[in-house]
Amino acid sequence: MPELPEVETVRSELAPWLPKKKVAAIRILHPRATRRNTGPSLRSAKNPIIGGEINSVNRRGKFIWLTFDRPYALIIHLGMSGQVLLPKSPAALSPHLRARIEFTNGKRELHFIDQRTFGYLALEELVEDPFASAEFDGQIPRSITHIAPDLLEVLNGKVLARSHKELNAMIRSRKSEIKRVLLNQEVVSGVGNIYADEGLWSAKIHPETRAHHLTEREVDRLLNALATIMARAIEAGGTSIDEQYKRVNGESGYFDVELDAYGRDGEPCSRCGTLIQRLRFMNRSSHLCPKCQKKG
DNA sequence: TCGAGTGTTATCCC
DNA sequence: GGGGATAACACTCG
């Protein structure tokens with residue numbers, strides 16, 4: 001499911017449920033479900049969050065993490081196909097269920113489902129947030145300290161260590177294509193292939209334009225377009241956990257937002273009517289209007 | 001049968 | 001060392 005708006009939808013759906021819940025057990029059902037764990041093992045029945053009470057549900061970019069009444073965080077990364085569900089009944093277990101968390105108080109379990117297993121859970125120490133966000137009590141999990149603040153954090157002025165203007169300049173200091181820069185989570189996080197295409201279409205910028213050839217104005221237009229599209233997607237993403245549970249896989253419910261470029265190759269551009277093109281790019285696809293988005 | 005798919009990162013190379 | 005490019009991870013669907 002996962003670019004920033006989809007991950008934020010998951011976070012916001014978990015946020016009313018999880019605080020005050022106490023972890024009774026964590027069952028890892030697939031070897032890759034914890035593979036990037038750099039902290040204590042989640043598989044151990046004595047791991048430090050067993051018995052812990054959840055405090056908060058946080059997100060930066062495409063990463064979610066839970067904090068506890070102890071100095072560890074549980075990272076949830078959805079990868080390409082991950083879902084988090086709180087099923088009402090265990091009857092319809094997904095064949096792609098990779099992990100489940102049981103709570104001492106409350107009948108519902110948390111299920112982590114992931115067809116392609118690019119997602120994972122990880123238990124991590126909390127360290128000081130290098131970007132000094134006004135959120136998260138100044139702490140983030142150790143293994144995501146290299147992930148840049150996400151676009152909404154920057155544009156809302158929540159991070160002290162990176163202003164909108166600094167992000168703009170950082171983007172324009174890069175020599176590679178603008179779409180590569182947008183997808184680099186160490187520059188700005190949360191943007192993936194779909195929203196990159198949508199933002200570039202909206203700002204009328206060709207994805208292969210070298211970032212250092214863009215003007216400050218153009219980059220501003222791009223960042224504002226991305227923020228607008230993502231905010232709209234978050235608003236549209238208000239599907240409930242229960243509804244998601246009825247869906248077959250992580251792709252369902254993902255394209256509720258009206259898209260102008262992504263996946264629309266061969267269809268007319270909604271601005272000028274020229275047919276949307278698809279280009280091969282970084283082992284994936286770029287979608288663009290060849291008339292609106294001239295290569296710069 | 002083959003290619004393509006929403007993400008991240010290890011590992012090359014320059 | 002750093003930045004950049006590429007491959008690899010795994011599974012399903014059209």
Side-chain angles (χ1 to χ4, degrees), chain A residues 1-11 29-38 59-65 75-84 94-99 112-122 124 141-148 150-151 170-200 207-208 210-212 226 229-230 233-234 236-237 239 244 247-259 261-266 278-287:
Chain A
M1 298 209 20
E3 291 184 38
L4 188 153
E6 293 72 33
V7 178
E8 171 56 21
T9 299
V10 172
R11 190 209 63 78
L29 308 173
H30 189 281
R32 283 167 54 83
T34 63
R35 72 197 177 288
R36 284 181 241 192
N37 192 349
T38 61
R59 181 192 57 74
R60 167 168 283 168
K62 302 168 193 170
F63 288 84
I64 290 174
W65 70 95
I75 290 184
I76 303 174
H77 191 269
L78 301 176
M80 298 276 263
S81 56
Q83 280 182 290
V84 178
S94 163
H96 306 299
L97 181 62
R98 306 305 188 199
F112 177 65
I113 292 157
D114 187 11
Q115 175 195 110
R116 293 172 69 183
T117 67
F118 289 159
Y120 59 94
L121 306 182
E124 294 271 330
R142 182 184 295 284
S143 72
I144 65 167
T145 48
H146 66 293
I147 299 292
D150 64 55
L151 199 57
M170 190 175 184
I171 289 171
R172 285 179 294 112
S173 75
R174 298 289 177 132
K175 294 191 179 102
S176 57
E177 300 102 319
I178 181 60
K179 183 164 171 185
R180 273 180 204 280
V181 177
L182 288 179
L183 294 180
N184 182 346
Q185 306 295 302
E186 297 183 25
V187 175
V188 61
S189 69
V191 183
N193 204 38
I194 293 178
Y195 291 98
D197 280 2
E198 292 300 306
L200 289 163
E208 291 168 351
R210 299 281 164 177
H212 67 299
L226 281 164
I229 294 160
M230 286 185 167
I234 289 171
T239 48
Q244 280 190 35
R247 293 178 182 164
V248 181
N249 61 47
E251 294 169 67
S252 320
Y254 186 57
F255 297 103
D256 284 350
V257 184
E258 191 73 11
L259 299 177
Y262 184 85
R264 302 195 57 155
D265 40 311
R278 177 167 158 272
L279 300 180
R280 294 293 301 157
F281 185 84
M282 289 172 76
N283 266 336
R284 45 186 58 179
S285 295
S286 281
H287 307 79

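A quick note: this is a predicted structure, and the numbers were derived from the prediction, not measured. First the proteins, then the strands, lettered A, B, ... as listed; each starts at 1.
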(request) Would you kindly give the CD-to-P distance between Glu177(A) and dG3(C), to the nearest whole Å? (result) 17 Å
(message) Distance to the ring centre below 6.0 angstrom and angle to the axis at most 45 degrees; does that hold for Arg180(A) and Phe281(A)?
(response) yes
(message) As a test of reading the structure: which of dA4(B), dA5(C), dG7(B) is closest to the side chain of Arg280(A), going by heavy atoms?
(response) dA4(B)
(request) Would you indicate what Arg174(A) reaches in the nucleic acid, counting non-hydrogen atoms under 4.0 angstrom: base, sugar-phosphate, or nothing? (result) sugar-phosphate
(request) Establish, with yes or no, whether the OP1 or OP2 oxygen of dA10(C) is under 4.0 angstrom from a side-chain nitrogen or oxygen of Arg98(A). (result) no
(request) Using a cut-off of strictly less than 4.0 Å, decide whether Arg116(A) has a side-chain nitrogen or oxygen near OP1 or OP2 of dT12(C). (result) no
(message) When you measure from the side-chain N and O atoms of Lys62(A) to the phosphate of dT8(B), is any distance below 4.0 Å, counting only OP1 and OP2?
(response) yes
(request) Counting heavy atoms from C-beta on, name the nucleotide in dT8(B), dG5(B), dA10(C) closest to the side chain of Thr117(A). (result) dA10(C)
(request) Taking Glu3(A) for its side chain and Tyr195(A) for its backbone only, find out whether a donor-acceptor pair lies under 3.5 Å. (result) yes
(message) Measure CG/Leu279(A) against P/dG5(B) and give the value in whole Å, please.
(response) 12 Å
(request) In whole angstrom, give the distance that lies between atom CZ of Phe281(A) and atom P of dG3(B). (result) 22 Å
(request) Report the nucleotide, chosen from dA5(C), dC11(C), dT9(B), that has the shortest atom-to-atom distance to any side-chain atom of His96(A). (result) dC11(C)
(message) On DNA chain B, does the nearest nucleotide to His287(A) precede the nearest nucleotide to Phe63(A) from the 5' side, or the other way round? Give the residue.
(response) His287(A)
(request) Taking only the side-chain nitrogens and oxygens of Gln115(A), find out if one of them lies under 4.0 Å from OP1 or OP2 of dA10(C). (result) no
(request) May I have the distance from Ile113(A) (atom CD1) to dC11(C) (atom C1'), rounded to whole angstrom? (result) 15 Å
(message) Let me confirm one number: the CD-CG distance from Glu208(A) to Leu200(A), rounded to the nearest 0.5 Å.
(response) 10.5 Å
(request) Identify which nucleotide among dA5(C), dA7(C), dT8(B) has an atom closest to any side-chain atom of Asn283(A), counting heavy atoms from C-beta outward. (result) dA7(C)
(message) Under 5.5 Å centre to centre and under 30° between planes: does that hold for Phe118(A) and the six-membered base ring of dG7(B)?
(response) yes
(request) Can you figure out which of dC11(C), dC9(C), dT8(B) approaches the side chain of His30(A) most closely? (result) dC11(C)
(request) Nearest 0.5 Å please: distance from the CG atom of Asp114(A) over to the NE2 atom of His77(A). (result) 10.0 Å
(message) Can you measure Glu186(A) atom CD to dA10(B) atom P for me and round it to whole angstrom units?
(response) 11 Å
(request) Searching all strands shown, indicate the nucleotide that pairs with dA10(C) (Watson-Crick or G-U wobble; both distances under 3.5 Å). (result) none
(request) Verify the contact: side-chain N or O of Arg180(A) to OP1 or OP2 of dG3(C), cut-off strictly under 4.0 Å; return yes or no. (result) no
(message) From CD1 of Ile194(A) over to C1' of dG5(B), roughly how many Å is that when rounded to an integer?
(response) 9 Å
(message) Taking 4.0 Å as the cut-off, does a side-chain nitrogen or oxygen of Ser285(A) come that near to OP1 or OP2 on dG5(B)?
(response) yes
(message) Can a donor-acceptor pair be found, under 3.5 Å and without considering hydrogens, that links the side chain of Arg280(A) to the backbone of Arg284(A)?
(response) yes
(message) Both Arg284(A) and Asn184(A) contact DNA chain C. Taking the nearest nucleotide for each, which residue is further toward the 5' end?
(response) Asn184(A)
(request) Could you state the atom-to-atom distance from NE2 of His146(A) to P of dG7(B) in whole Å? (result) 15 Å
(message) Between P on dG4(C) and CG on Leu183(A), what's the gap in Å once rounded to a whole number?
(response) 13 Å
(message) Can you see if the side chain of His77(A) gets near the phosphate of dT8(B) - specifically, an N or O under 4.0 Å from OP1 or OP2?
(response) yes
(request) Please check the phosphate of dG7(B) (OP1 and OP2 only) for any side-chain N or O of Asn193(A) closer than 4.0 Å. (result) no
(message) Looking at Asp150(A) and Lys62(A), is any side-chain nitrogen of the basic one under 4.0 Å from a carboxylate oxygen of the acidic one?
(response) no
